[in-house]
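Note that the coordinates shown come from a computational prediction; the quantities given were computed from them, not determined experimentally. The basis for the numbers below is simple: all heavy atoms, side chains too, and nothing from hydrogens, waters or symmetry mates.
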Amino acid sequence: MKKWMLALTLAGGVITLSACNQSGGSTVAESTAGDITQDELYEAMKEKVGAQALQQLVYEKVLSEKYKVTDKELDDKVAELKKQLGENFEAALLQYGYANEEDFKETMKLGMMQEKAGLKSITDKELKEAYENYKPEIKARHILVADEKTALEVKQKLDAGEKFEDVSNTYSTDEAAKASGGDLGWFDATAQMDPAFLEAALALKVNEISAPVKSSFGYHIIQVTEQKEKETYEKMKDQLKRELLTTEKMNNVMQKEIKDAKVKISDKDLKNALDPQATAAH
């Protein structure tokens, strides 16, 4: 599941303000110290969760007519999230303010409508460019040292035919990878690695040994040992679409949907509620 969507569903357990604005003068709580009216409750709730609640309500209104989510689609997506979170699923619902799974599904449904809107916005040109630039997974190993002089010495020994594992055992400061001859396993362009290291590794051909690569950890000598085959464009289209659906892209899509629907906010206190940054601080 995309990170932007997971963030939406786990942060979406907000109180619907409209339900509290039925009769401003009605009392919702009484005490010897004074009563609390619906107006007071509404204002307090608006201050705490108003922007997020209004954003969610507007998104539901704007998207529900154009993008349909079936019960099966919703059940499958919830099952996917349950699998990801495992035994932490119920705790996550409680932590983020959901009364139960049905309550959670309402926000998940909104997230799926947003996803459909976002996927629809991705063009064939964007997809083909993403496919051309896509790098299949590689398996690589490295030797990490503290300075460039040592890195050049390591490179010279490898070029002379010394075994990678032996040179790694002698020089590498990466103790974890060193135990397996410098092996880092399989990874692709989405890996959470130092950008300079990742760029250099993905540019190598199989069995090619890199020149010294400087990263935030030191200097690396990298060798790609295997590379997976790139699948066909047709097989990869769905995967690429979802990879292109970044948080920034999703925000842009929603701003367009809101503009097309001619949404206007009359409450001056919530005038910025549909700004993508409005709920970030809440």
Side-chain angles (χ1 to χ4, degrees), residues 1-26 38-74 77-78 96-98 102-127 129-130 238 240-282:
M1 183 179 296
K2 294 292 290 184
K3 289 182 179 178
W4 70 264
M5 190 172 184
L6 184 60
L8 168 74
T9 55
L10 291 185
V14 296
I15 303 166
T16 302
L17 299 181
S18 57
C20 300
N21 197 27
Q22 297 167 357
S23 177
S26 299
Q38 283 193 339
D39 266 352
E40 290 173 317
L41 177 60
Y42 174 80
E43 289 300 321
M45 291 169 64
K46 183 172 72 171
E47 182 179 348
K48 291 182 181 297
V49 297
Q52 188 174 351
L54 182 58
Q55 185 184 90
Q56 185 169 343
L57 288 168
V58 169
Y59 283 3
E60 286 173 355
K61 285 282 188 185
V62 168
L63 297 175
S64 60
E65 292 300 312
K66 296 170 65 176
Y67 306 99
K68 304 298 181 183
V69 175
T70 67
D71 290 343
K72 185 180 184 307
E73 287 176 318
L74 182 57
K77 190 66 75 173
V78 172
Y96 290 96
Y98 293 100
E102 289 306 311
D103 183 24
F104 168 73
K105 279 184 175 181
E106 289 300 313
T107 303
M108 174 62 86
K109 187 174 182 178
L110 170 59
M112 293 175 70
M113 286 191 288
Q114 284 186 264
E115 184 178 54
K116 288 192 176 194
L119 292 175
K120 186 180 177 182
S121 74
I122 294 170
T123 65
D124 286 341
K125 181 182 178 183
E126 287 176 300
L127 273 177
E129 284 180 359
D238 286 346
L240 293 171
K241 271 189 176 184
R242 282 170 171 76
E243 289 180 2
L244 287 168
L245 196 54
T246 61
T247 300
E248 181 181 4
K249 175 84 169 175
M250 196 66 251
N251 285 339
N252 290 339
V253 168
M254 289 311 305
Q255 289 304 302
K256 183 178 185 306
E257 292 285 350
I258 289 166
K259 183 178 179 181
D260 290 347
K262 297 181 170 59
V263 176
K264 294 181 180 179
I265 298 175
S266 56
D267 189 322
K268 61 181 177 57
D269 295 330
L270 297 173
K271 64 181 180 179
N272 296 320
L274 300 181
D275 185 323
Q277 303 300 319
T279 59
H282 288 74

For [X] against [Y], the heavy-atom pair lying closest together:
X	Y	value
L63	A117	CD2-CB, 4.2 Å
A261	V62	CB-CG2, 3.9 Å
A51	L270	N-CD2, 3.7 Å
T246	E243	CG2-O, 4.0 Å
S121	V253	OG-CG2, 3.3 Å
A273	L54	CB-CD2, 3.9 Å

What's the separation between atom [atom1] in [X] and atom [atom2] in [Y], rounded to the nearest 0.5 Å?
X	Y	atom1	atom2	result
E115	L110	CD	CG	12.0 Å
Q114	M250	CD	CE	5.0 Å
T247	N252	OG1	CG	11.0 Å
K109	D71	NZ	CG	7.0 Å
K120	K116	NZ	NZ	11.5 Å

**Prompt:** Does a side-chain N-to-carboxylate-O contact under 4.0 Å join K249 and E126?
**Reply:**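 Salt bridge flag = yes for E126 with K249.
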**E102/K105 salt bridge by N-O under 4.0 Å criterion** = yes
For the residue pair [X] and [Y], establish whether any side-chain heavy-atom pair is separated by less than 4.5 Å.
X	Y	result
E257	M113	no
M108	M112	yes
D267	K46	yes
R242	L119	yes

**Asked** So, does Q52 use its side chain to make a donor-acceptor pair with the main chain of V49 at under 3.5 Å?
**Response** no
**Prompt:** Just by modelled atom types, is the L274 backbone N or O under 3.5 Å from a matching donor or acceptor in the Q255 side chain?
**Reply:**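 Flag set: sc Q255 to bb L274 pair under 3.5 Å.
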**Prompt:** Is there a side-chain contact (heavy atoms from CB on, under 4.5 Å) between E129 and K125 once you walk through the steps?
**Reply:** CA-CA 6 Å; E129 284 180 359; K125 181 182 178 183; 3.4 Å; yes
What do you reckon, is [atom1] of [X] surrounded by more than 12 foreign heavy atoms closer than 6.0 Å?
X	atom1	answer
D260	CG	yes
K66	NZ	yes
K68	NZ	yes

